[in-house]
Amino acid sequence: ATSDLVSSGDLSTGRRGAPRVLSEIEESGAHHLLLEVPTTLTWFSGHFPENPVLPGVTQLHWAVIASSAIFSTHKCPREIKRLKFKSVVVPPRVIELVLRKVGTEQVQFRFCSLRQDHSEGRLVFAG
């Protein structure tokens, strides 16, 4: 089942602030989104001019937006658990965002690309 994320082609209305969603599949309760991260995103402006890196706060923002759209969660988590940043995301790149609902109030997320984990954590929306 595809969500509005794929039909809109974007995680938000801000075209320069969100990656393009290339595909979305649901498999065994996990949602896998392929995201195109071009160098033109506004998040790279000033973060670092000579060597652009996708900020961790941006990855969190995208995980919250996608969770809200897919699982109808609140737009702001109450808590973030087990947050780990493992390797930087350097544009241009295609990354995968994997979301899995844990219980009724939490969503586990992971950003990765070919044989490389970028970040992971758990969003707690209530409780």
Side-chain angles (χ1 to χ4, degrees):
T2 60
S3 70
D4 291 336
L5 291 172
V6 172
S7 18
S8 70
D10 224 43
L11 275 170
S12 74
T13 56
R15 296 266 184 244
R16 293 204 53 221
R20 192 168 71 121
V21 179
L22 301 174
S23 69
E24 176 189 357
I25 61 168
E26 189 268 325
E27 181 178 71
S28 302
H31 291 260
H32 300 260
L33 288 79
L34 280 182
L35 308 175
E36 180 180 38
V37 182
T39 56
T40 56
L41 292 179
T42 56
W43 297 100
F44 294 117
S45 178
H47 197 269
F48 304 99
E50 298 300 316
N51 298 304
V53 172
L54 185 66
V57 69
T58 303
Q59 294 171 54
L60 281 172
H61 176 65
W62 292 350
V64 169
I65 289 171
S67 295
S68 177
I70 292 169
F71 301 115
S72 299
T73 62
H74 296 288
K75 298 208 183 243
C76 185
R78 179 182 165 153
E79 183 181 353
I80 301 166
K81 292 182 173 182
R82 301 180 187 144
L83 181 62
K84 293 181 181 158
F85 294 100
K86 299 178 176 188
S87 62
V88 296
V89 177
V90 178
R93 177 156 297 177
V94 172
I95 60 175
E96 180 180 23
L97 169 57
V98 181
L99 298 168
R100 180 182 302 276
K101 190 126 186 209
V102 180
T104 58
E105 303 169 342
Q106 299 183 31
V107 175
Q108 184 175 1
F109 72 90
R110 181 171 61 99
F111 284 95
C112 57
S113 57
L114 294 173
R115 294 185 219 120
Q116 191 171 36
D117 285 340
H118 298 292
S119 64
E120 64 182 304
R122 190 172 284 200
L123 306 168
V124 181
F125 289 96

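Since the model is a prediction, treat every value here as computed from it, not as a measurement. Quick note: residue numbers are just sequence positions, from 1.
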If you define the side chain from C-beta out and look only at heavy atoms, does anything of T58 sit under 4.5 Å from L41?
no
Where P52 and P91 come nearest, the two heavy atoms and their spacing:
O-CD, 3.4 Å
Do you know which two heavy atoms are closest between G56 and F85, and how far apart they sit?
CA-CE2, 3.4 Å
What distance separates R78 CZ from F125 CZ, expressed to the nearest 0.5 Å?
13.0 Å
Should V53 and L60 be counted in the same cluster of Ile, Leu, Val, Met, Phe, Trp and Tyr side chains packed under 4.5 Å apart?
no
Sequence neighbours excluded, the answer for salt bridge (charged side-chain N to carboxylate O under 4.0 Å, His left out) partners of R93 is none
What pairs meet the salt bridge (Lys or Arg N to Asp or Glu O under 4.0 Å) rule with one or both residues in residues 64-74, with sequence neighbours excluded?
none
Closest approach of V64 and C76, non-hydrogen atoms and distance?
CG1-N, 4.5 Å
The salt bridge (charged side-chain N to carboxylate O under 4.0 Å, His left out) partners of E36 (sequence neighbours excluded) come to R20
Approximate separation, where rounding is to 0.5 Å, of F111 CZ and Q59 CD
5.5 Å
Hey, any chance L35 and V90 share a hydrophobic cluster, counting ILVMFWY side chains that come within less than 4.5 Å of each other, even indirectly?
no
Mark yes or no for whether E26, through its side chain, and G29, through its backbone, hold a donor-acceptor pair below 3.5 Å.
yes
Can you name the closest pair of heavy atoms from V89 and F44 and give their distance?
O-CE2, 4.4 Å
Can you run down the salt bridge (Lys or Arg N to Asp or Glu O under 4.0 Å) pairs that involve residues 54-74, sequence neighbours left out, and say none if there aren't any?
none
Option passing side chain to side chain donor-acceptor pair (under 3.5 Å) with E120 (candidates K84, R82, K86):
K86
Determine the minimum heavy-atom distance between F109 and R122, stating which atoms define it.
CE2-N, 4.0 Å
For a side chain to side chain contact (heavy atoms under 4.5 Å, CB included) with V107, tell me which candidate from S67, S68, P77 qualifies.
S67
Atom of S87, atom of H118 and distance for their closest heavy-atom approach:
OG-ND1, 3.1 Å
Tell me, please, which residues at least two apart from K81 pass side chain to side chain donor-acceptor pair (under 3.5 Å).
none
Any I70 side-chain heavy atom under 4.5 Å of L33 side chain
yes
Would you give me the side-chain donor-acceptor pairs under 3.5 Å for residues 94-103, sequence neighbours excluded?
from	atom 1	to	atom 2	distance (Å)
E96	OE2	H32	ND1	2.7
R100	NH1	S28	O	3.0

Measuring from L123:CG to I80:CD1, what's the distance to the nearest 0.5 Å?
6.0 Å
Describe, in one word, how the ring planes of H31 and F71 are oriented to each other, choosing from parallel (under 30°), tilted (30 to 60°) and perpendicular (over 60°).
perpendicular
